[in-house]
Amino acid sequence: GYLQSYLRAKKVPDKQTFVLPVPADEEIFHPLPAEHPQAGRFRSEVAFVRHGHAPPEKVYRNFLEKYLIPMPNRGLAGKLELIFEQLYRRCSQSGKGHLAEADMLDFVFSHLTDQADARFRQELSHLVTLFNITVGTAAWRSRFLEALARTDLEVALYGKNWENYPALSRLGRGPVTHHEQLNYVYNFSAVNLHINNVNTMHQRLVECALAGGFIMAAYIPPEKDWEPAGHYFQPGRELVFFSEPAEMIERCRYYLAHPEERQEIARRMHERARQEHTTTVAAGKMLQQWKRLLPKSP
């Protein structure tokens with residue numbers, strides 16, 4: 001994954017690195033009976049958990065006002081505004097596939113061949129990172145959520161601030177506590193979604209799996225994925241991926257119409273998570289790693 005590659009680039013020996021993908025507490029996240037008292041409150045066809053944000057166009061304008069408009073070199077600022085405008089449009093368009101931060105950086109530098117100063121390139125790299133984690137993330141996620149909002153599916157968005165997004169505000173159900181209530185969401189939502197433009201292997205997947213819930217994730221090509229979930233859960237058998245909004249909606253409808261198939265995938269993912277991704281298993285792996293690294297005492 002990306003993080004281990006980063007450590008290798010820093011000359012950290014492989015024997016001193018240990019990839020431990022986001023374990024979750026099996027005492028907090030676990031299956032609940034269908035007749036649980038909270039089932040009615042948290043039941044939905046499709047659910048997504050994350051704090052909301054403003055519409056991506058507003059997020060983009062905030063980025064311009066904070067980072068580009070104040071630049072003292074107005075000529076350069078104007079040029080950068082045109083470049084980032086094109087980049088924002090690419091991030092917002094369906095059918096363009098996933099745009100990783102490295103792709104964004106290549107796109108920006110390709111329009112600034114006359115700017116070769118090392119310090120400037122470093123500052124620009126930082127600006128692209130800020131763009132990705134604010135504008136790029138919002139634009140990527142919004143492509144999927146706005147498509148869902150236009151369907152007749154029962155969609156629940158959990159988290160703060162969804163009221164700030166007019167096209168999605170009616171889907172907001174407010175924040176949930178990380179422990180008990182989040183377990184209710186995973187249990188009683190027929191389809192849980194994971195939409196992250198940086199990495200597919202996320203704690204959400206493990207938490208949902210331990211809860212016995214069914215989850216689908218937005219696909220990122222492995223070479224651009226910081227930590228590919230496909231290395232830990234078998235695609236199609238334990239975890240379902242989707243690439244574009246239309247495909248996501250099609251697969252939501254399919255698995256809602258085929259509950260036995262959906263439940264069987266969730267069952268296999270639950271078994272894998274119980275075997276490999278609980279906090280108990282993670283603690284054991286860490287102890288074994290320490291035993292290998294530390295010299296034996298006399």
Side-chain angles (χ1 to χ4, degrees), residues 44-68 81 83-104 107-108 127-176 185 189 191-200 202 204-205 215-221 224-226 229 240-253:
S44 68
E45 290 183 321
V46 183
F48 178 71
V49 181
R50 194 194 179 282
H51 292 319
H53 49 73
E57 184 74 29
K58 185 173 182 180
V59 176
Y60 171 61
R61 295 301 163 191
N62 289 342
F63 172 83
L64 292 182
E65 292 173 6
K66 186 173 182 179
Y67 298 109
L68 295 187
E81 285 181 35
I83 295 170
F84 277 104
E85 175 75 21
Q86 294 179 60
L87 188 56
Y88 167 65
R89 298 303 168 195
R90 288 188 60 182
C91 291
S92 303
Q93 291 175 7
S94 294
K96 293 294 185 180
H98 177 263
L99 199 63
E101 186 173 313
D103 299 321
M104 297 180 186
F107 178 83
V108 172
L127 194 61
V128 170
T129 298
L130 291 172
F131 176 91
N132 184 35
I133 63 178
T134 55
V135 182
T137 298
W140 164 258
R141 182 182 302 117
S142 296
R143 287 167 48 188
F144 296 97
L145 296 183
E146 287 200 15
L148 271 176
R150 292 190 291 269
T151 70
D152 60 352
L153 295 171
E154 181 192 13
V155 181
L157 303 181
Y158 292 98
K160 300 177 182 178
N161 303 324
W162 287 112
E163 67 276 8
N164 297 328
Y165 199 142
L168 302 177
S169 59
R170 66 180 178 82
L171 307 178
R173 292 200 186 181
V176 290
V185 173
S189 304
V191 177
N192 292 277
L193 295 176
H194 170 60
I195 306 171
N196 185 301
N197 72 328
V198 174
N199 63 295
T200 51
H202 191 277
R204 283 276 182 272
L205 269 63
I215 192 165
M216 304 197 311
Y219 179 76
I220 300 175
K224 298 178 180 180
D225 195 334
W226 282 28
V240 174
F241 286 102
F242 54 86
S243 296
E244 289 293 331
E247 184 180 42
M248 173 195 65
I249 292 168
E250 177 188 355
R251 294 191 173 182
C252 282
R253 294 192 187 282

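Computed from a predicted structure; not experimentally measured.
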Visitor: Rounded to the nearest 0.5 Å, what's the gap from OG on Ser243 to CD1 on Ile220? Could you check?
Guide: 10.5 Å
Visitor: Can you tell me how the ring of Trp140 sits relative to the ring of His98, calling it parallel under 30°, perpendicular over 60° and tilted otherwise?
Guide: perpendicular
Visitor: State the SG-CE distance between Cys252 and Met216, to the nearest 0.5 angstrom.
Guide: 3.5 Å
Visitor: Hey, do the aromatic rings of Phe63 and Tyr88 have their centres closer than 6.0 Å?
Guide: no
Visitor: From Ile83 CD1 over to Glu85 CD, what is the distance, rounded to the nearest 0.5 angstrom?
Guide: 12.0 Å
Visitor: Using a strict cut-off of less than 4.0 Å between a Lys/Arg side-chain nitrogen and an Asp/Glu carboxylate oxygen, indicate whether Arg173 and Glu163 qualify as a salt bridge.
Guide: no
Visitor: Evaluate ring pair (Phe, Tyr, Trp, His ring centres under 6.0 Å) for Phe144 paired with Phe48, printing each intermediate quantity in order.
Guide: CA-CA 11 Å; Phe144 296 97; Phe48 178 71; 9.7 Å; no
Visitor: Rounded to the nearest 0.5 Å, what's the gap from CG on Leu153 to CG on Leu148? Could you check?
Guide: 6.5 Å
Visitor: CE/Met104 to CG/Asn132 distance, rounded to the nearest 0.5 angstrom?
Guide: 4.0 Å
Visitor: Should Arg61 and Glu57 be marked as a salt bridge (Lys or Arg N to Asp or Glu O under 4.0 Å) after you check the CA-CA gap, both sets of side-chain angles, and the distance that decides it?
Guide: CA-CA 6 Å; Arg61 295 301 163 191; Glu57 184 74 29; 3.1 Å; yes
Visitor: Please work out whether the ring planes of Tyr219 and Phe241 are parallel, tilted or perpendicular, with thresholds of 30° and 60°.
Guide: perpendicular
Visitor: Can a salt bridge be assigned to the pair Asp103 and Arg90 using a cut-off of 4.0 Å between side-chain N and carboxylate O?
Guide: no
Visitor: Just checking, any donor-acceptor pair under 3.5 angstrom between side chains of Ser142 and Tyr165?
Guide: yes
Visitor: Step by step, work out the salt bridge (Lys or Arg N to Asp or Glu O under 4.0 Å) result for Glu244 and Arg251.
Guide: CA-CA 11 Å; Glu244 289 293 331; Arg251 294 191 173 182; over 6 Å; no
